[in-house]
Amino acid sequence: MKSATCSLFIIISLLQLMILVNTEETLDSIMKKLKEALSRLEHPRPTLTKNVSCTTVKASGKLASCPSGMIATGCSCGFACGSWNIQNENICHCLCPIIDWTLARCCDLRK
């Protein structure tokens, strides 16, 4: 997104210079050039996952494991603990010293 914004800024700056150099151009021709430049900036979107299936797993203690074939995409911890990490792509691990429960948001991202 940053590179697209930067590129757009550069194109607009170049168009402003073109206007100063060639004042006979019409607004329509400038808009046409801008649209052409923007169309060259567009990249094909990556192939998106066709099927996304998610579930939540709750476990007591500091660890919550996702079912086989699923990955952990986020975690939540009891006792207002906001410190956690994901281990081996499928285990939520809460890092606070006292935890009564852990939630793992598990998703199956198959094409």
Side-chain angles (χ1 to χ4, degrees):
M1 185 66 180
K2 288 183 182 180
S3 63
T5 304
C6 184
S7 299
L8 182 61
F9 178 72
I10 291 169
I11 290 169
I12 291 172
S13 299
L14 291 174
L15 286 174
Q16 287 176 339
L17 288 173
M18 289 170 48
I19 292 169
L20 294 175
V21 173
N22 185 4
T23 56
E24 293 180 10
E25 286 193 74
T26 65
L27 182 58
D28 290 335
S29 66
I30 292 171
M31 291 304 293
K32 182 179 177 184
K33 288 180 183 178
L34 180 59
K35 287 179 183 178
E36 289 171 2
L38 289 174
S39 68
R40 287 192 301 267
L41 284 177
E42 291 180 7
H43 300 288
R45 291 184 176 170
T47 304
L48 297 177
T49 306
K50 292 182 182 176
N51 297 319
V52 177
S53 173
C54 297
T55 187
T56 301
V57 174
K58 183 176 182 179
S60 57
K62 294 184 176 192
L63 300 173
S65 298
C66 292
S68 178
M70 299 184 97
I71 63 168
T73 58
C75 307
S76 182
C77 307
F79 289 120
C81 175
S83 182
W84 51 266
N85 63 23
I86 296 176
Q87 299 176 348
N88 300 325
E89 295 186 346
N90 66 344
I91 299 172
C92 281
H93 175 224
C94 292
L95 301 173
C96 296
I98 300 173
I99 299 295
D100 58 343
W101 55 264
T102 301
L103 285 178
R105 186 65 177 165
C106 306
C107 294
D108 182 6
L109 309 172
R110 295 184 192 187
K111 291 185 177 184

Worksheet entry | Set of side-chain contact (heavy atoms from CB on, under 4.5 Å) partners for T56, sequence neighbours left out | L103, R105
Worksheet item: How many angstroms lie between CG in L95 and OG1 in T102, if you round to the nearest 0.5 Å?
Response: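 So the CG of L95 and the OG1 of T102 are separated by 9.5 Å.
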Discussion item. Apply the hydrophobic cluster definition, ILVMFWY joined by side-chain contacts under 4.5 Å directly or through others, and give me every member besides I98.
Written reply: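 Members other than I98 - counting any ILVMFWY side chain reachable under 4.5 Å - are F79.
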Item to complete: Look at the SG atom of C77 and the SG atom of C96, then say if they are under 2.5 Å from each other.
Response: no
Worksheet item: Can you check whether C106 and C54 have SGs under 2.5 Å apart?
Response: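 No, the SG atoms are not under 2.5 Å apart.
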Discussion item. If you compare all heavy atoms of A64 against all heavy atoms of V57, which two are closest, and at what distance to 0.1 Å?
Written reply: CB-O, 4.0 Å
Practice prompt. I would like to know whether S76 and W101 meet side chain to side chain contact (heavy atoms under 4.5 Å, CB included); could you show each step before the answer?
Written response: CA-CA 9 Å; S76 182; W101 55 264; 3.7 Å; yes
Just list the side-chain donor-acceptor pairs under 3.5 Å for residues 81-93, sequence neighbours left out, or say none.
unit_1	atom_1	unit_2	atom_2	d
W84	NE1	C75	O	3.4
N85	OD1	H93	ND1	3.4
Q87	NE2	H93	ND1	3.1

